[in-house]
Amino acid sequence: MDPETERVVKDFASVLDELTFNSKPIITTLTKTAEENISCAQYFVDSLETRINKCVPTQKLYAFYALDSICKNAGSPYTIYFSKNLFALYKKTYLLVDNTTRSKLISLFKTWMAPNESTGSPLFESTSLGKIESFLIKASALHQKNYQSMLPKPTIPLLLSDIDKLTILTKKRLSKTPDDPKLSMKLQVLAQLKQELQKGKLSSAALKQVQLQLKEVFSQDQQLIQQQNEYEQRMEFQRQQQMQMQQQQQQQRLDVPGTNINNDNMKSNSSTPIPLFDNMTSLGPNVSSLFGTTIGPIFSQSTTTSDKSERESKIQKLYESLDNVDLLYKPKNESIVTLYDKIKPKDADKLNKESNIRLPSIDMLQNIILDCKAYFANININSLNVDSLTFTQQNITSPNSMVENNLIHLLYRAKSNKCNACGKRFGNSNDEKRLLSEHLDWHFRINKRIKGSSQLITTGNSQGTTATQKNIQSRNWFLQDSEWINFKDDDIISTKNIIGDDDNRNRDKRWRKNGDNTDRYNKALSGSTPEGGDDYSNVLTDEMLRNTKLPVPETNVDMTFKCPICKDTVNAVYDEDTGEWVWGNTVNINGKYFHALCYYESIKNSNDPEQSSALENLRKLVQKM
Amino acid sequence: MSFLPGLTDATVIPEVYIDENEIHKQVIPMGSIWKIRVAQESKMTIKIITGIAEIFGTELANNIEYNFQNWNFTIFAVEEVQLEWKGTDVHPIVEGEDIIPNETAQYIYNLHFALEKLRSQSFYGPKIMVIGNKNVGKTALCRTLCSYTIKFKTSQPMLINLNPQESIFSPPGCVSATPISDILDVQLPIWGQSMTSGATALHTKQPLLKLFGLEMISENKDLYLYSIDSLAKDVDERLQKDALIQRSGCIINAPPLSQLDDRFDSLLHIIKQFDINLVVMISDEANEDEKLQYEKISQLITPEVGNNFIRFPKLSGIIESDETYDRSLQRSATREYFYGNSNTALSPFSVTVDYEDLMIWEPVNLINVGEPASIDSTNLLQLKPVTITPGSIQHALIGITYADKHAKSEDVRNAPLLGFALITEVNEKRRKIRILVPVPGNFPNNATILTSYRYLE
Ligand SMILES: [Zn+2]
Ligand SMILES: [Zn+2]
């Protein structure tokens, strides 16, 4: 490699390393670099493949997007090089990621199958694509099996995630028909149902009932979405025909600057039949869960006129059969109260239709409306890259309607989940929701700890026992400069850090012995080795506990267990290193499975000698792993 | 029914009776701010019932009681706010003009999104410095920008405070840099807590402090600039190691212009040291003096940052402060460092040491030196040993360095700051000193530096 190539390749790799979120600018940069340096193609391909293999599962998709963008924009030789390992890369990634990402991978794959506008053939070599296709078919069958084995056991987390999915679907519909009051009301009801579930007081019979109801609602939704999809496809078809006509008339007008790559995909997508999914209605992102038979917008089908009429009649039939069993609700001109009555879920505890119905407060309704408004205000604005946001005197100190009417919401209601305890806002994506729930967990643990320590301080002051002292809080010494330079604030702000305070305490012990602390500084000054023996080898960190992996035993059928302490259901994940299915953060204590962290929390604060030997055992167990 | 003469005479009702548990209601219309002054000895509790309220860019949770003490601040109603408050003071509000439209809010939003645009375009985020006279809203603007930045996306801007009289995450007397990694504490004038040994309701922050020790920059400008250079060097290293902070950029709070000499060459020095690429000057366009000042500074700075120098109007809702208030904030910050606050009580530790156990240095203070002409610049950076007497160190805030007690003067000056301590008592007869230290244990065997700040409990 000559120095110039080496530099370009190194730059490419370092930009690629920044691709830790779905960033269009980064992907565009990578694509441009790839286009402009075709001679480095093989190196870029190597570096992207390495990235996909090495990065954490949550980031793999973005690297795939980069791969996709490069191939679609730069074409050959990238498409040829990537074809070589594409199947292995895709399969490995698919097995490691969550279901949402899987569905995105499937969507991506579908765009590869679509014949390229200029070459008329699929993006990659057909053998690679064929392998992926048959892999996906097998994967879906496997999921189908899982799905059936899971259905009879409605658990709260499962139902909650189903509610989330339904919420997303409903929101999707709402984004298409924003004026539909039924939809926003439905969102509200779903939220209430979710709250009810979270209280965790429902009997298993009630849970089953909820499961069935959700299924009902879901199947109705599917119908509607399908109808809407078809309508959109029809519109899209017409639009494209119009566009073709326009194109013939004046080609230069089509030269839209900065056309979104993904939009292009969508277009080619909806206009091209994709053979794989014609009869594969069960292959979907949600198959492993309750709603096994998603026919989401992902699986768009060909829309010739004959197909369409056939479908319409099918829908008509379905509609009638649903109507017959009284599963359909047809709103007339009724008041909002009546409407609410109708779509409110039956009181799950009593299964009693006549139970009291309370309308949400006006504040709450108003909040929903404002949240929706904020959401729509930014729906078509996804770029900050406009001239009016450039840092100039004129721009900063004159009114800017885009900031005032649209962007400002991004700081507030567009992130509609506001933490009740501290006011921090979280968005609506699944990732953000996960962050919120981790955040709330963190508040809960911290408050428990704060309460605990203040009680100890007030009651135990005269004894001066070690237990009391442990909970007295004081300021820490500041870090010395070199430590601060290497410090990562993630150590402070991690909410997953269940025993973070213990870490603090350990660190604090170190600081308290400030003799050591400054000794280290002064030794470093005089050039001798600052770091002596580490006396923390014996300490269990949350990191160690979280990283525990337990291979799923052969005897376990559904690949899950329930942690006896937090009652969470733990699902197996595929472990790349060992090539096995494992449970993370899990220990086996005398044949029973626990979250390693939960187990640690439950035994660590006890003075009981039996417990302390349990702690010793856990330590050995974790260190062995 | 107290019409009976005997009854009313017996209980003398004060003219203004304050029931600190009485709940008052207040509505702030959308887009307005409520100016609040909570005096040193009083307390105020605020609970937002409905709407979106924020304090310097940080949103308040609804239905949570927030406690305030010794602070002048404003609550901004992003959407109409209904709140309840109670307090020990009859007028926590600035009467008459207490609710006013927030006219500068839109410009702050414009500024924020302009910064976001820059952040989205490069891995090297904007480094913006806010300059201006005293009482124009520099710190409020920096605080709001920091809050919006962490709210918008996963960002971690570096807040750099170059005003040693201002206490942000620390006692006064320092210049500092702090990654803003999570929500700020709306109740605290010092923005939030630095690290403690236990659980805190919000995530703490990890500041890097460089002790200047004096009050006025003019007391030893060379030393001030030296602290800045040292801070800038560490900040640069941190940025190189932390891609997230690098991408989020720096927000720099400059000292008030009155603290700098008329040439304003320190500003240029700061711009170069921190590689600042945007400068915002808060300045009143209508005021003739400020106009002249703006033009002068513009001529100076434009060659450095080009068109990235802009004028910003004085922030709406500024509550004029005087020296007494500034000092009370410095005292609060010092107390906060040792004792925490009503939400997080900290336990400092009192130790007694012999005169011989304490090595105190102090910076050169030009105001105290008879003939400044006789001092060359190397001497200005040199610390001088302090002779311990009750007069010299009683009630003083001292900085404990990482340097050994016997270290040389310049090693002490260059050493990182371990923490602060407070001299609570000097007993000349027994040659003993009582010292309050934040962390339990023996007094560190380290060299210390005397600051100009005194704190009396
Ligand atoms: Zn919170
Ligand atoms: Zn558990």
Side-chain angles (χ1 to χ4, degrees), chain A residues 18 25 363 370 384-385 389-393 395-397 399-400 403-404 407-408 410-412 418-425 446-447 449-450 453-454 471-481 484-489 492-493 501 504-505 508 511-515 517-518 521-522 525, chain B residues 50 52 59-61 64 78 106-107 109-111 113-114 116-118 120-121 123 148 151-152 156 179 181-183 195-199 201-204 206 208-209 234 237-238 241-243 278 307-308 310-313 337 346-348 402 404 416-419 438-441 444-446:
Chain A
E18 295 283 332
D363 278 341
L370 288 171
L384 292 163
N385 200 13
L389 292 181
T390 304
F391 186 88
T392 65
Q393 183 73 59
N395 282 342
I396 303 292
T397 49
N400 180 334
V403 170
E404 214 174 313
L407 292 177
I408 184 175
L410 296 174
L411 291 171
Y412 305 102
K418 177 168 163 176
C419 168
N420 286 332
C422 72
K424 205 171 159 176
R425 283 184 178 273
I446 285 291
N447 286 339
R449 199 180 292 273
I450 290 175
S453 63
S454 60
N471 283 289
I472 289 180
Q473 187 173 175
S474 57
R475 186 75 60 199
N476 279 359
W477 294 123
F478 297 120
L479 299 180
Q480 58 159 295
D481 302 2
W484 182 84
I485 287 165
N486 290 298
F487 190 78
K488 289 272 177 281
D489 272 51
I492 322 175
I493 57 174
D501 310 36
N504 255 343
R505 231 175 266 148
D508 185 48
W511 295 149
R512 281 181 194 191
K513 291 186 280 173
N514 54 57
N517 203 22
T518 44
Y521 171 74
N522 287 316
L525 271 190
Chain B
T50 62
I52 298 181
E59 200 172 329
L60 279 74
I64 294 275
V78 179
Q106 54 170 330
Y107 307 137
Y109 288 124
N110 289 350
L111 182 53
F113 285 105
E116 286 302 342
K117 179 182 175 182
L118 290 166
S120 72
Q121 286 171 337
F123 299 120
Y148 288 168
K151 230 177 151 178
F152 183 66
Q156 215 176 90
S181 45
D182 199 38
I183 188 168
M195 302 287 274
T196 75
S197 63
L202 297 174
H203 294 297
T204 52
Q206 185 71 274
L208 175 73
L209 308 175
D234 289 345
E237 283 188 48
R238 174 82 184 253
K241 297 208 166 178
D242 201 319
L278 309 172
N307 286 333
N308 289 336
I310 63 161
R311 188 209 302 256
F312 202 87
Y337 175 77
L346 299 181
S347 310
Y402 270 84
D404 187 82
L417 186 68
L418 183 69
V439 178
N445 200 22
N446 296 13

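A quick note: this is a predicted structure, and the numbers were derived from the prediction, not measured. Letters go in sequence order (proteins before strands), and every chain restarts at 1.
Taking chain A as the reference chain and counting heavy-atom pairs below 4.5 Å, the highest number among B/Ile64, B/Thr50, B/Asn308 is found for B/Asn308. Chain B forms more heavy-atom pairs under 4.5 Å with one residue of A/Asn400, A/Thr397, A/Leu411, A/Thr392 than with any other, namely A/Leu411. Considering only heavy-atom pairs separated by less than 4.5 Å from chain A, the leading option among B/Glu59, B/Lys241, B/Arg238 is B/Arg238.
Looking only at side-chain heavy atoms (C-beta outward), A/Ile396 and B/Phe312 come within less than 4.5 Å of each other. For the pair A/Trp477 and B/Pro444, the minimum side-chain heavy-atom distance is below 4.5 Å. In this structure the side chain of B/Ser197 reaches within 4.5 angstrom of the side chain of A/Ser474, judged on heavy atoms. A/Phe391 is not listed as a side-chain neighbour of B/Lys117, based on a closest heavy-atom distance of 4.5 Å or more. Looking at heavy atoms from C-beta onward, B/Gln156 lies in side-chain contact with A/Ile493 at the 4.5 angstrom threshold.
The distance from atom CG of B/Leu208 to atom CD1 of A/Ile485, rounded to the nearest 0.5 Å, is 7.5 Å. Separation of atoms CG (B/Leu417) and CG (A/Leu479) is listed at 11.5 Å; rounding is to 0.5 Å.
Atom CG of B/Asn307 has 12 or fewer heavy atoms from other residues, nucleotides or ligands within 6.0 Å.
In this structure, A/Lys418 and B/Ala61 approach most closely via the heavy-atom pair CE-CA, 4.0 Å. What you find for A/Tyr412 and B/Lys151 is that their closest heavy atoms are CE2-NZ, 3.3 Å. For B/Phe113 against A/Leu407, the heavy-atom pair with the smallest separation is CZ-O, 3.2 Å. Nearest heavy atom pair, residue A/Asn395 against residue B/Asn110, reads O-ND2, 3.4 Å. Nearest approach of A/Ile492 to B/His203, heavy atoms of both residues: O-ND1, 3.1 Å. Of all the heavy atoms in B/Leu202 and A/Cys422, the pair that sits closest is CD2-CB, 3.9 Å.
Residue contact with chain A, scored on non-hydrogen atoms closer than 4.5 Å, involves the backbone and the side chain of B/Leu111 alike. Heavy atoms closer than 4.5 Å to chain B are found in both the backbone and the side chain of A/Pro399. The contact between B/Pro179 and chain A is made by backbone and side chain atoms together, counting heavy-atom distances below 4.5 Å. Contacts between B/Leu60 and chain A at a heavy-atom distance below 4.5 Å involve the backbone alone (N, CA, C, O). Using a 4.5 Å cut-off between heavy atoms, A/Lys424 touches chain B through backbone and side chain atoms alike. In this structure, the portions of B/Tyr337 lying under 4.5 Å from any heavy atom of chain A include both its backbone and its side chain. Proximity to chain B (any heavy atom under 4.5 Å) is restricted, for A/Cys419, to the backbone atoms N, CA, C and O. With a 4.5 angstrom heavy-atom cutoff, A/Asp481 touches chain B via backbone and side-chain atoms both.
A donor-acceptor pair under 3.5 Å links the side-chain atoms of A/Gln393 to the main chain of B/Arg311, judged by distance alone. Put simply, the side chain of B/Tyr109 never gets that close to the backbone of A/Val403: no donor and acceptor are under 3.5 Å apart.
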| request: With side-chain contact (heavy atoms from CB on, under 4.5 Å) as the test, would you mind laying out the steps for A/Trp484 and B/Gln206 before giving the verdict? | output: CA-CA 8 Å; A/Trp484 182 84; B/Gln206 185 71 274; 4.0 Å; yes
